[in-house]
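Notes to accompany the following structure.
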Amino acid sequence: MSTLLEYKCPNCAGAIQFDSASQQMECPFCGAGFTMESLQAMDEGLGQEQRELAWNAPEAAWTEGETEGMAVYLCQSCAGEIVADATTAATKCPYCDNPVVMKGQFSGALRPDAVIPFKLDKKAAVAALQKHLMGKRLLPKVFRDQNHLDEVKGIYVPFWLYDADMEAQLRYRTTQLRRWSAGNYNYTETSTFYVYRGGRLSFDRVPVDGSSKMPDDLMESIEPFDWRDAVDFQTAYLAGYLADKYDVDRDESTHRANERIRRSTENAFAKTVTGYASVTPEGGSVNLLGGTVRYALYPVWLLNTTWRGKKFTFAMNGQTGKFVGDLPMDKGAYFRWLAGAAAVAGAVLTGLLLLLM
Amino acid sequence: MMKKIICALLALALTALLALPALAAPPLLVDEAGLLSESEAAALEEKLAALSAQWKNDIVIVTVDSTGGASPEAFADDWFDYGGYGQGESYDGLLLLLDMDTRDWHISTCGGAIDAFTDAGIEFLGKRLIADGLSDGEYAAAFNGFADWCGQFLARAETGRPYDRGSLPRTAGDYAKILLLGLGGGLLIAFLFTGSMKKKLRTVRRKQQAADYLRPGSLQLAYANEQLLFRNVTRTLRNSDTPSSGGGGSTTHKSSSGRSHGGGGGKF
């Protein structure tokens, strides 16, 4: 048995969902709007109910890796069976199209600490894709017309957020130059120093994508998210969107966070070494004094298109609108531009050289 | 009687007319060292004569086995002055001397040719002579090339701006260098240009840093010291007065006859 949550409109019992424009829950059927606070109260009531249901669940239902990979849920609206990934936390019922949230995925240790709600809707994502294709001269001309938009998904992607207080002790080898002239000679004095820097530095909420389904480079490319919009997690935000729960755990993600934090720490300290002709880092240590890890859901629009049998994935930051995605290159156009540019630049340069030399 | 005198006078005038050019025009090619075949010599002399007439400057080529101890400069100047070369009142012309004993080449200029052939121009001609095969025994080719260049130099001098430092004529090698540099540079620019266009297609990249998440103002330096390891002093000779840049023109000297000559030479 599953625990599956659907938000019913207290007014007309239709399935309601989160509206990114008004930042509240809205019923698409009767148009009623509900604040998150009022729904939170309702959520708690529902949650208790659900927990009781969960207690009744026979243990035998969860045997032999059934919880791994795929899982089966029942839609509370139409009783249709929803087969979904075990990491799916919110989706739409394929039968009645009602947005559903698998509440069980968020119980216990899996509960996110915070969520940044979607600010941009599906239309904005599709418009951003069109804009993304503009002004790219090497993009095959037919791509814009021929590529087929397979799906546009609004997904709450699980992120591990690392707060870190760092301590660093670093050494640099630097040189200073002094030049002067006396008699028939020019003199250059090179002074070589060891420069030491030590101190502390803090990072807030360095994100690492906790979903193995999401390509890490794609998720890092749409950073940063603005934490000021983050709110306490409520399952109600997920209605109408897809949501994943993490399947890369905290410890696995730590490595990536460390890498980025370490590099930034080194750079921040290197920036304080100024006034030298050359600066070469010579070593030292960067240590974590203390850190906390949080779990949050960030809004991401994912767009999939196919063109000539090849899949292209685009991602848009659902909060800031930053849009990324690699595009195919027209090799013919590339060589035409290369030849054209070489001919023009070559002719101009040769002409200039003939005039000047 | 009268008729006879007139006849005699006419004959005298005619012989004088016929003999004068022969007397006034000593041979423009004197191949004492015997470097050219007869046919080569005849063709070259014809060419020198044509160019000399066209540009009103005697272009003379002299090869000798030895200068008898005289410097190439003095020898070439004297050969020009006492050989009766030079056109017009200022004895316009130039002479290329090849001394096979010391393997010297020397160009002596006189009159208008002094300005037409500047020091830099003569240095350039020397290089062309060697490039055309003077050192390898290709004398005919070198001399023919020299004659052609002389024509070009004199033509340029008529415009009032003779070839000089910074304005020397371009050789095929110069053109090849310019073309190679221009096309190579063009290709490099094109690669940079299309590279930036290509880069626009790639927007998915890993982030190497976490600088976006640095807490503002959280950097606290506990200490910041420097420690001198060592000092090194190197010195380089100041390049005393920079050569050329501007410069140009022709330097002159007086020959033994008292005339002013320009010129220059070198080994081959």
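We name chains A, B, ... by the order of the sequence lines, and we start the count at 1 in each one.
Across A:G340, A:A168, A:G198, A:A345, the residue that shares the most heavy-atom pairs under 4.5 angstrom with chain B is A:G198. Among B:L188, B:L180, B:T234, the residue making the largest number of heavy-atom pairs under 4.5 Å with chain A is B:T234. Per-residue heavy-atom pair counts under 4.5 Å with chain A were compared for B:G195, B:P216, B:A224, and the maximum is reached by B:A224. Put simply, of B:T236, B:V233, B:L183, B:D212, the one with the most heavy-atom pairs under 4.5 Å next to chain A is B:T236. Chain B forms more heavy-atom pairs under 4.5 Å with one residue of A:L218, A:T188, A:T174 than with any other, namely A:T188. Considering only heavy-atom pairs separated by less than 4.5 Å from chain A, the leading option among B:A210, B:A222, B:G186, B:A190 is B:A210. With respect to chain B, the highest number of heavy-atom pairs below 4.5 Å among A:D217, A:T192, A:V324 belongs to A:T192. Ranked by non-hydrogen atom pairs under 4.5 Å with chain B, the options A:E223, A:R205, A:M219, A:Q176 are led by A:E223. Heavy-atom pairs under 4.5 Å with chain B were tallied for A:L327, A:T175, A:T190, A:D326; the largest tally goes to A:D326. Taking A:Q169, A:R262, A:R179, A:R171 one by one and counting their heavy-atom pairs under 4.5 Å with chain B, the maximum is reached by A:Q169.
Of the two parts of B:F191, the backbone and the side chain both hold a non-hydrogen atom closer than 4.5 Å to a non-hydrogen atom of chain A. Heavy atoms closer than 4.5 Å to chain A are found in both the backbone and the side chain of B:Y223. Heavy atoms of B:L228 lying under 4.5 Å from chain A belong to its backbone as well as its side chain. With a 4.5 angstrom heavy-atom cutoff, A:P215 does not touch chain B via any of its atoms. Of the atoms belonging to A:R178, not a single heavy atom falls under 4.5 Å from chain B.
Between A:R137 and B:M197, the shortest heavy-atom distance links the atoms CB-CE, 3.6 Å. Looking at every heavy atom in both residues, B:R238 comes nearest to A:G183 through NH2-O, 2.7 Å.
Side-chain contact between B:L221 and A:F269 is present, with heavy atoms from C-beta onward closer than 4.5 Å. Counting heavy atoms from C-beta outward, B:L214 and A:L201 have side chains that approach closer than 4.5 Å. With contacts defined as side-chain heavy-atom distances shorter than 4.5 Å, the pair B:L237/A:Y185 qualifies. Residues B:V204 and A:T313 form no side-chain contact, since every pair of their non-hydrogen atoms from C-beta on lies 4.5 Å or further apart. Contact annotation: the side chain of A:S264 never approaches that of B:Y213 to less than 4.5 Å [non-hydrogen atoms, C-beta and beyond].
Using modelled atom types, no side-chain atom of B:T194 and backbone atom of A:Y334 make a donor-acceptor pair closer than 3.5 Å. Listed for the B:T203 side chain is a donor-acceptor partner under 3.5 Å among the backbone atoms of A:G325.
For the atom pair A:L139 CG and B:K200 NZ, the distance stands at 11.5 Å (nearest 0.5 Å). Rounded to the nearest 0.5 Å, atoms CZ (B:R215) and CG (A:D165) are 5.5 Å apart. In this structure, CG on A:L355 lies 9.5 Å from CD1 on B:I178, to the nearest 0.5 angstrom. Atom CH2 of residue A:W337 and atom CZ of residue B:F193 lie 5.0 Å apart, to the nearest 0.5 angstrom. Between the NZ atom in B:K198 and the CE atom in A:M329 there is a gap of 4.5 Å [rounded to 0.5 Å]. Rounding to the nearest 0.5 Å places CD of B:Q209 at 7.5 Å from CZ of A:R263.
Within a 6.0 Å radius of CD in A:E189, more than 12 heavy atoms belonging to other residues, nucleotides or ligands are found. Summarising the local packing, NZ of A:K271 is surrounded by 12 or fewer heavy atoms from other residues, nucleotides or ligands at distances under 6.0 Å. B:R156 CZ: more than 12 foreign heavy atoms inside a 6.0 Å radius.
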Evaluate side chain to side chain contact (heavy atoms under 4.5 Å, CB included) for B:Y175 paired with A:L354, printing each intermediate quantity in order.
CA-CA 8 Å; B:Y175 280 113; A:L354 276 175; 3.8 Å; yes
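In this structure, a donor-acceptor pair under 3.5 Å is absent between the side chains of B:R205 and A:S221.
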